[in-house]
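Since we're looking at a predicted model, the values are computed, not measured.
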Protein chains: 2
Amino acid sequence: MVTLEDVARHAGVSLATASRVLNGSTRQVGASLRAKVELAATQLGYRPNVAAQALARGAGNVIGLVVHDLVDPYFAAIADGAMRVAESRGLVVMVGTTHRDPEREIAYVSTLNAQRVCAVLLAGSRTADPHVTRRLREELDRYREGGGRVACVGQDLLDADTVVPGNAEGAAELARTLAGLGHRRFAVLAGPAGLVTARDRVAGFAGALAGLGLPAPRLVHGPFDRDGGYTAAAGLADGITAPDEGVTCVFAVNDVMAVGALAAFRDRGIRVPQDVSVAGFDDIATLRDLVPALSTVRLPLQDMGARALELALDPVEEARAELVTGEVVLRESTRRVGPQAPG
Amino acid sequence: MVTLEDVARHAGVSLATASRVLNGSTRQVGASLRAKVELAATQLGYRPNVAAQALARGAGNVIGLVVHDLVDPYFAAIADGAMRVAESRGLVVMVGTTHRDPEREIAYVSTLNAQRVCAVLLAGSRTADPHVTRRLREELDRYREGGGRVACVGQDLLDADTVVPGNAEGAAELARTLAGLGHRRFAVLAGPAGLVTARDRVAGFAGALAGLGLPAPRLVHGPFDRDGGYTAAAGLADGITAPDEGVTCVFAVNDVMAVGALAAFRDRGIRVPQDVSVAGFDDIATLRDLVPALSTVRLPLQDMGARALELALDPVEEARAELVTGEVVLRESTRRVGPQAPG
DNA sequence: CTGTTAGCGCATTCAG
DNA sequence: CTGAATGCGCTAACAG
């Protein structure tokens, strides 16, 4: 491996001079020496050792990104947004996936701390477990004590700059819109009981229903992914085919679950939206190719990832939490229904 | 930031001793001192500085991963596979996306070289441009001269261990299967002319057709993504509705293009598979939720990513290229057709 | 078993 | 403008 010293010797200059021309220092170097150094560097194929630079400078150029699952389009979009701003600033990204294990999230923050990344970005819902949340916060504090910056997209529970999706608000708006379509009896594929995002969306949805004087939705809990949505919807199938008291609309707390629900209904010959309406949340990119196209609450995922990283990188006083409002978008999977027969 | 020296002082031991207990060295340390050090470390919240470790040891624990687009399920799956084996080995992953720009791929290898990652993984098709390929290879050579390991998933064009998808073979097998269903006139959404993967799949498909004595397929080039598939298919629509000489089956050289094609046909009232059969390639995860379910050639994407990283990490003599055979899987998007009326 | 001492590759004072 | 010297945080021989 060729080092700066090799280059300096090869060019017949001092180490310091070589360093100055090769690293964009503020100091000026004479044209002739500069040329010599640059020549030697390219000839030898010199590549700076960023680890050494980071050590000497006390500041690196890598940022850490922690997501639950890269294969989930939701996180892929957020990661993509964050990586674009990272790239635009000459930063390199270290990515870790927790596969929805909070312990791994904590472990990863520790790892990123050891890597001395200049900022870490935590994407994804917090868990309701106060114990793990406390431990995660402690780990983050340790990291921040060392000068690290942290930002998240999700709930503002970590004392960090946070891009907060309007989960409750969006779900409430969705509920009102759906009610406006004539729906009265709802089911909610509610995800895991311990996931704050899922919880907030359920609460927002149920709260809006209550505000409208409508009956409480039927809740079915399960995993936060596609198969979780499938299973939950399958368990619902009976309630939907029953002519009386049947739910006419099901809200899955995220799109991938809604996709699973669509599949479950399809497999059982239940037509969407004729037999039941279905709505999701997030507006992941793959949605537009579904049949029927899924109604949902749109979140600007890439922007959120990008914005979160900006928050981490440009420490603004008093700009802790930024709320992002979701926009209800109605597509083919939800339809207007006639007034219900009185119970 | 608390350093090893702080810990050593706090524990009343030497730097070396502290290092030995905290970093899993082979050397043994007495129980009492060990306890003191561990206590001091946790009390102070010590986190090793991996950059310094890497410098001192001359070996890091980060690997680099370069993909074209993280949002594309194809790359997400490969990345996921690679990241799983990385994690199992205690390695951390630096991810870069090229957004299909070969220049960025070269630049990223340079960056990863500067980071002194212990291995780099290049995923995605090569371009047919010999000039960029040469420059990329030079950059890789420089990296390897420094002791770096490289592996790819794609074509074996970089003098590196490579997991090679059986593109031509899989496409050929697909062509034969489709012909067996009675199809005679095909169209191929061929992707960019300069992308080797696209090229190989087209060639394999067309070659098999020729071998069967069937007419050459109609080729439509375009971008390698969903919208490219949409546009290409839209341009085809006339040829399909024409009763005579019309193609009965279209092969998109990858699944995301096929998804776009499905959308284009749907928007035009062309039914799949009644009016035209459609097949893709890759078997990305999102496929199972499409209607109609898409026929394709299955590639074990995660395994390929995982395997490639293993190749990079466990340098085996003479195991340069590993071919992965794709498996044709027929679903609802392709149907059997009656014998064609003679021209 | 434990402590001392050199570097790893580079940025940066500080002199000249 | 240029060079010599110091230290970043840690590991790995060497001595005790």
So, applying side chain to side chain contact (heavy atoms under 4.5 Å, CB included) with A/Glu322, which one of A/Asp161, A/Asp156, A/Leu311, A/Val153 is it? A/Leu311
A/Arg9 CZ to D/dG3 P, in whole Å, measures 14 Å
Could you check how far CG of A/Asn49 sits from P of C/dG9, rounded to whole Å? 7 Å
Does the side chain of B/Thr3 get closer than 4.0 angstrom to OP1 or OP2 of D/dG9 through an N or O atom? no
Apply side chain to side chain donor-acceptor pair (under 3.5 Å) to A/Asp141 and list each qualifying residue two or more places apart in sequence or on a separate chain. A/Arg144
Using atom CG of B/Leu55 as one end and atom P of D/dC8 as the other, report the distance to the nearest whole Å. 14 Å
Flag the pair B/Leu136 / B/Arg126 as yes when at least one side-chain heavy-atom distance between them is below 4.5 Å, and no otherwise. yes
Interatomic distance where CD belongs to B/Gln115 and C1' belongs to C/dC8 [whole Å]: 17 Å
Which whole-number value in Å describes the distance from B/Glu5 CD to C/dG3 C1'? 14 Å
Do nucleotides 11-16 of chain C as a string where each nucleotide becomes B, S or -: B if the base has a protein heavy atom under 4.0 Å, S if just the sugar-phosphate does, - if no protein is that close. BBBB--
Can A/Asp314 and A/Arg149 be counted as an ion pair, charged N to O under 4.0 angstrom? no
Look at A/Asp159 together with A/Arg137 and state whether they make a salt bridge at an N to O cut-off of under 4.0 Å. yes
How close or far is atom C1' of C/dC10 from atom CZ of B/Arg116, stated in whole angstroms? 11 Å
If you measure from the Lys or Arg side-chain nitrogens to the Asp or Glu carboxylate oxygens, is any gap between A/Arg100 and A/Asp72 under 4.0 Å? yes
Taken to the nearest whole Å, CD/B/Gln28 to C1'/C/dC1 is 10 Å
With nearest nucleotides of DNA chain D determined for A/Val13 and B/Val2 from heavy-atom distances, which residue corresponds to the more 5′ nucleotide? A/Val13
Heavy-atom closest pair, residues A/Gly305 and A/Leu121: O-CD2, 4.0 Å
Between C1' of C/dG9 and CG of A/Leu22, the distance in whole Å: 13 Å
Tell me which of B/Val29 and A/Met1 sits closer to the 5' end of DNA chain C, going by the nucleotide each one is nearest to. B/Val29
Check every strand shown and say whether B/Gly30 touches a base, only sugar-phosphate, or nothing at a heavy-atom separation below 4.0 Å. sugar-phosphate
